[in-house]
2 protein chains.
Amino acid sequence: MSILESPLTRKLSAFVALSSVDLETLAKFHRRRRSFKAGHQMVAEGETHQSAFILAEGWACSFKVLPDGERQIIDFQIPGDFLGLRSILFRTSDHSSEAVTKIEASEVLAADMFDSFGQAPRLATAILWAVSRDEAMAVEHLVNLGRRSAEVRMAHFLLELGARLKLVGVGDKTGFNCPLTQYHLADALGLSAVHVNRVLRQLREDGLVTFQRGRVSFDNIRGLIALAEFDTAYLDHDGPLLK
Amino acid sequence: MSILESPLTRKLSAFVALSSVDLETLAKFHRRRRSFKAGHQMVAEGETHQSAFILAEGWACSFKVLPDGERQIIDFQIPGDFLGLRSILFRTSDHSSEAVTKIEASEVLAADMFDSFGQAPRLATAILWAVSRDEAMAVEHLVNLGRRSAEVRMAHFLLELGARLKLVGVGDKTGFNCPLTQYHLADALGLSAVHVNRVLRQLREDGLVTFQRGRVSFDNIRGLIALAEFDTAYLDHDGPLLK
DNA sequence: CCTTCATGCTGATTTATATCAGTCTGGAAA
DNA sequence: TTTCCAGACTGATATAAATCAGCATGAAGG
């Protein structure tokens with residue numbers, strides 16, 4: 001796959017038109033291709049000298065583990081997403097990451113990224129946008145946990161995943177293939193697995209969305225959007241800001 | 001106050017040593033000084049052409065309002081913090097901001113910031129760090145809402161504020177002056193104001209922390225840190241809160 | 001082939017927190 | 001000086017979601 005069609009390029013292009021210098025510089029981020037098995041721990045919380053990656057294929061998740069063993073999933077990474085960026089910017093990583101499926105990713109060295117800012121300032125802007133978009137998602141998840149009921153929370157989460165996957169060209173408005181278990185959903189939504197199950201049943205019986213056998217089907221996407229009061233503004237998908 | 005002693009410079013210097021070119025470029029961010037009254041809406045969710053600011057004096061808060069009128073406070077901004085950065089990167093702002101106290105701030109134009117990346121690449125890195133630190137805080141708040149009880153959540157929140165204020169030179173390990181009401185705490189922690197009150201009483205009666213008359217006093221900071229399992233790693237500071 | 005284990009699923013019970021419906025206080029406005 | 005109001009505070013009750021204690025299924029492994 002050429003750099004022009006990589007999921008990251010596709011995502012960044014939703015924000016800014018990249019010049020050929022930007023693209024050449026971005027290509028350097030893709031020199032260290034790596035493969036990992038499902039379940040592999042990519043980044044470890046509290047450790048120094050961790051790597052960052054750009055995900056090309058597969059799903060990962062970032063999370064924090066509390067002293068009592070409970071886990072809070074922060075977000076899932078899909079193709080085109082950075083993984084562990086904060087672990088190279090910070091002294092010690094503030095979070096862990098693991099592969100949900102087997103994945104293909106490019107390892108990004110801190111030096112590569114910092115050097116690139118001198119060579120292609122507009123790329124710096126694009127990366128700042130990507131990080132801000134990740135922040136916007138974390139913020140929306142915060143609102144999700146703080147103020148929405150379990151049912152609305154689930155609806156919102158599934159719609160967000162759908163929107164993100166659509167942007168990088170996987171899945172459409174009828175649904176998407178999803179490798180997550182109900183335990184993943186529980187850890188992401190701050191619910192127990194038992195309650196996740198009940199909520200999914202409720203949404204299915206209401207004819208809104210079906211989560212079964214590795215597939216999320218939007219049975220009534222309008223109803224689902226209405227229930228979740230879902231607005232994609234925070235994902236900033238609406239075409240380039242700069243040109 | 002010279003740019004060398006501004007809270008933002010102080011904060012960024014905790015991450016990277018800024019060159020004289022970086023500092024000159026950063027100084028350009030401080031040309032448009034503005035004052036606002038307490039309660040002033042700085043940034044409006046869903047609007048385009050919003051401004052970003054660097055806060056010099058006073059407190060602000062960023063939040064989202066849900067269709068049912070409920071509000072989730074995302075974070076409070078204190079001197080040295082950016083305010084509304086995503087509102088200039090994104091087409092429409094994904095959040096609102098308002099002044100909690102009267103504030104002094106510098107307005108930052110998108111063009112100033114993007115131009116600065118070409119002139120001072122290291123400044124781009126420092127700003128990326130600052131944004132990542134904001135993201136790390138949002139993530140920690142996410143964990144707070146998702147997995148911690150009301151009491152631990154409150155303890156964690158007050159300790160985080162203490163650590164942040166100490167970094168910019170306001171407050172110390174005995175406590176800090178705090179202009180927030182119990183309603184602010186409720187909106188930030190995803191609790192009802194009634195429950196916030198009960199939790200504060202509990203913490204006070206346990207001799208851990210007192211929140212009263214505009215002041216937060218750490219009565220037993222070790223005990224509070226133990227209760228909250230508070231670790232400053234995610235703030236990427238040099239030193240811990242205790243010292 | 002049988003066992004094991006991860007995942008999905010369910011009813012009964014408990015608990016944390018919300019909601020309701022107030023009181024009390026101190027400062028600002030009239 | 002009285003009235004008003006925001007903010008702090010409290011008891012009683014309601015409820016969303018957790019926890020407990022299972023069963024069912026299908027894939028993986030010996």
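Quick caveat, the model's predicted, so the values are computed rather than measured.
Atom-to-atom, CZ of B:Arg148 to C1' of D:dA18 comes out at 19 Å; the value is rounded to the nearest Å. As a whole-Å value, the separation of B:Leu200 CG from D:dG7 P is 15 Å. Between the CG atom of B:Leu180 and the C1' atom of D:dA8 there is a distance of 15 Å, given to the nearest Å. Rounding to whole angstrom units, CG of residue B:Leu145 and P of C:dA16 are separated by 18 Å. Atoms CG (B:Asp68) and P (C:dA18) sit 14 Å apart, rounded to a whole Å. Between the CD atom of B:Glu70 and the C1' atom of C:dT17 there is a distance of 13 Å, rounded to whole Å. Atom CG in A:Leu189 sits about 15 Å away from atom C1' in D:dA18, given to the nearest Å. Look at NE2 on B:His195: it is 16 Å from C1' on D:dA8, rounded to the nearest Å.
Closest to the A:Val194 side chain, of the nucleotides C:dT19, D:dT19, C:dT17, is D:dT19. Listed candidates were C:dT10, D:dA8, C:dT17. Nearest to the side chain of B:Phe211 is D:dA8. Here C:dT7 is the nucleotide among C:dT7, D:dC9, C:dT17 with the atom lying nearest to any side-chain atom of A:Tyr183.
Salt bridge status for A:Asp75 with A:Arg164: present, with a side-chain N to carboxylate O gap under 4.0 Å. A salt bridge links B:Arg33 with B:Glu104: the distance from a Lys NZ or Arg NE/NH1/NH2 to an Asp or Glu carboxylate oxygen falls below 4.0 Å.
In terms of heavy-atom proximity, A:Thr48 sits nearest to A:Thr92 at CG2-CG2, 3.6 Å.
The six-membered or imidazole ring of B:Phe53 lies near that of B:Phe36, with a centre-to-centre distance under 6.0 Å.
One distance of note links NE2 of B:His156 with CZ of B:Phe230; it measures 5.5 Å at 0.5 Å rounding.
Contact check, A:Asn197 against C:dT10: a side-chain N or O comes under 4.0 Å of OP1 or OP2. Contact check, A:Arg201 against C:dC9: no side-chain N or O comes under 4.0 Å of OP1 or OP2. Not one side-chain nitrogen or oxygen of B:Gln212 sits closer than 4.0 Å to the OP1 or OP2 atom of C:dT25.
Nucleic acid contact class of A:Leu191 (heavy atoms, under 4.0 Å, all strands): sugar-phosphate only. In this structure, B:Ser192 reaches the bases: a heavy-atom distance under 4.0 Å links it to at least one base atom across the strands shown. A:Gly214 comes within 4.0 angstrom of nothing in the nucleic acid, heavy atoms only.
The base of C:dT19 sits with one of its N or O atoms less than 3.5 Å from a complementary donor or acceptor on the side chain of B:Arg198.
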